[in-house]
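A short write-up of the structure that comes next.
Naming: A, B, ... by sequence-line order, numbering from 1 per chain. Computed from a prediction, not measured in an experiment: that's the story for all the values here.
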Amino acid sequence: MPWIKVKDALNGQAGQSVTVKGWVRTRRDSKAGLSFIALHDGTCHDAIQIVAKNDLPNYVDEIAHLTTGCAIEADGVLAESKGKGQSVEIQAESVRVVGWVEDPDTYPVPMKRHTMEYLREQAHLRVRTNTFGSVARVRHTLAMGVHRFFDERDFYYVHTPIITGSDCEGAGEMFRVSTLDALNYPKADDGTPDYSQDFFGRETNLTVSGQLNVETYCQALSRVYTFGPTFRAENSNTSRHLAEFWMIEPEIAFADLTDNAKLAEHMLKFVFDDLLTRRGDDMAFFDQRIENGLIDKLKGIIESDFRTLPYTEAIDILKNAKKKFEFPVEWGLDMQSEHERYLTEEHFKQPLVIVNYPKKIKAFYMRLNDAGTDGAPEDTVAAMDVLAPGIGEIIGGAQREERLDVLDRRIDEMGLDQSDYWWYRDLRKYGTTPHAGFGLGFERLIQFCTGIGNIRDVIPFPRAPKQCEF
RNA sequence: UCCCCGAUAGCUCAAUUGGUAGAGCGAGCGGCUGUUAACCGCUAGGUUGUAGGUUCGAGUCCUACUCGGGGAGCCA
């Protein structure tokens, strides 16, 4: 009999002979002489019901003892269900037990309600649950949607390095990469480690961003993006931060901040729509069990235009808000979480693109705006943040400074060393173009699309401070 | 890293002014039923996060630590 996936069995024709393979979700017995086995294999949200009668040779010894988590293969005939709750089921002709659950009493994920915190400690088994199976499928679909979106628009996928020379990436605590003996390392004259004797002959770290590298490819291939792991050694302990996360960073040449914001908007709308189309079963589950109104939220974003709001204007709105804020609102200060939440969750109730931030709170590579842009009292740069209700900053990006003299001035102002950026500066010497890009936190995107509150529950094996099990 | 809260059965929680540990779910066995959040009965299951301290006596009070949650900072 042909082995078919559960998703195909659920859509199959009655009378078809099939084999299915997967894991038992539940077993229910009827003393009328049969058992009902709900079987899932990860190919869709729902399980298929297998009806096993007690005249099967291994019914008493094996089938009647199946528990949640057992791996089985079943042959049988697809039939319209005689019971309610499912349209088709499999009338079993044979059920083979492939793998037992050794001790059902201590099986960590039996068929009962569990907290997300508990399941996080069982990360190797949690994907067997409804919720985490759905998260895994949605994560996959969003990743494929991102690739499809860029591929269809002539973007090239660039694999920027994971290991990087240390001084060229700016902000963010980094994880050191070294083969030196931590207990007995060669020392320089001042007692610090002598990295010239290390593997790469210099100090190296895990990347905190692929942006600087991908800009080089942008200046030859026009439209490029990275999609890879990113590492931050910050001691962040929140529901929105990981030490290892995945980031999508497109970079476009001959483009300005407006083009950049449009790209972000089109990309988000594309992947939302793609997700709703391809994973309706899982999204219905999240809508029902995790965040009521989730699907309408995503549809609303797909159908509406993103709101672009200059930083200067945002500050005015916050200053005039009736709401009392814990932190001060002042032009030139970075917006706090409470301010961003007010704007996106209360005032506008939709995703926002905030643009043109004060120069002094943003990175050196962001393009300096003309004086007085948006009526700002001081210099601004062409930066943008996309804020999503419930998540906060989901995208951060900018038009890049393509003028070498201005870039050098910014490097000096920030106390950085031009020589550390020699190849980045070369891009401005040889055929420079206006260009822009952004970084999208992939896990934050998944959080937004599933309603899952903690970022550690949307990545298979979360890495966070004091957390590197599995 | 800072503020607040928490840790008791496999899981979720209860336990009076400090007085000798309980329930539901899950699991096993039995009963009943084309079942599907099943239902009824019985059974098993505990070094109360770790290390100290106070006390005749600590799940309960004190100190430190570890881990988890909510919020903040950093950001994606």
Could you list all N or O pairs between the protein and nucleotides 8-11 of chain B that sit under 3.5 Å apart?
| residue | atom | partner | partner atom | Å |
| --- | --- | --- | --- | --- |
| B:C11 | O2' | A:K112 | NZ | 3.2 |
| B:C11 | O2 | A:K112 | NZ | 3.2 |

Please list every donor-acceptor pair under 3.5 Å in which a side-chain atom of residues 34-42 of chain A meets a protein atom from a residue at least two apart or in another chain.
| residue | atom | partner | partner atom | Å |
| --- | --- | --- | --- | --- |
| A:S35 | OG | A:D29 | OD1 | 2.6 |
| A:S35 | OG | A:Y59 | OH | 2.7 |
| A:D41 | OD1 | A:T43 | N | 3.0 |
| A:D41 | OD1 | A:T43 | OG1 | 2.6 |
| A:D41 | OD2 | A:V6 | N | 2.9 |

Look for any protein N or O under 3.5 Å of an N or O in nucleotides 48-51 of chain B and output each such pair with its distance, or none.
none

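- Looking at heavy atoms from C-beta onward, A:I395 lies in side-chain contact with A:M384 at the 4.5 angstrom threshold.
- Between A:A321 and A:Y342, the shortest heavy-atom distance links the atoms CB-OH, 3.4 Å.
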message = If a pair means Watson-Crick or G-U wobble with both distances below 3.5 Å, what does RNA chain B look like in dot-bracket form, with | marking bases paired to a different strand?
response = (((((((..((((.....[..)))).(((((.......))))).....(((((..]....))))))))))))....
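- Taking atom OH of A:Y225 as the reference point, atom P of B:A76 lies 20 Å away to the nearest angstrom.
- Residues from residues 240-248 of chain A placing a heavy atom under 4.0 Å of any atom in RNA chain B, listed by number, are A:R240, A:H241, A:L242, A:F245, A:M247.
- Under 4.0 Å is where a charged nitrogen must lie from a carboxylate oxygen, and between A:E173 and A:R232 no such pair does.
- For A:K362 and A:Y357, the positive end sits near the middle of the six-membered ring, less than 6.0 Å away and at most 45° from its axis.
- Side-chain to base pairing of A:E89 with B:G34: one donor and one acceptor N or O lie within less than 3.5 Å of each other.
- For A:K297 and A:F448, the positive end sits near the middle of the six-membered ring, less than 6.0 Å away and at most 45° from its axis.
- Distances shown here put a side-chain N or O of A:Q336 below 4.0 Å from the OP1 or OP2 atom of B:G73.
- When the P atom of B:G68 is taken as reference, atom CD of A:E117 falls 11 Å away, rounded to whole Å.
- Checking A:N235 against A:R27, the closest nucleotide of RNA chain B that is more toward the 5' end is the one next to A:N235.
- Counting only N and O atoms by type, the side chains of A:N130 and A:R289 include no donor and acceptor under 3.5 Å apart.
- Dashed line: the shortest gap from a side-chain N or O of A:N454 to OP1 or OP2 of B:G70 is under 4.0 Å.
- The side-chain heavy atoms of A:D305 and A:K269, taken from C-beta on, include a pair separated by under 4.5 Å.
- Interface remark: the A:S236 side chain does not form any donor-acceptor pair with the B:C75 base, using a distance-only criterion of under 3.5 Å.
- Applying the side chain to side chain donor-acceptor pair (under 3.5 Å) definition to pairs two or more places apart or across chains, those involving residues 457-470 of chain A are A:R120-A:D457, A:R126-A:D457, A:R456-A:Q467.
- A:Q49 and A:R28 are linked by a side-chain donor-acceptor pair at a separation below 3.5 angstrom, with hydrogens and angles left out of the test.
- In this structure, A:D46 does not pair ionically with A:K7, as no charged nitrogen and carboxylate oxygen lie closer than 4.0 Å.
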Verdict with supporting geometry, A:F175 and A:N205, side-chain contact (heavy atoms from CB on, under 4.5 Å) = CA-CA 5 Å; A:F175 289 102; A:N205 294 285; 5.8 Å; no
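- The pair A:E393-A:R444 fails the salt-bridge criterion, with no side-chain N (NZ, NE, NH1 or NH2) lying under 4.0 Å from an Asp/Glu carboxylate O.
- Below the 3.5 angstrom threshold, one finds a donor paired with an acceptor across the side chain of A:Q91 and the base of B:G34.
- Map A:K53 and A:A64 each onto its nearest nucleotide of RNA chain B; the residue landing nearer the 5' end is A:A64.
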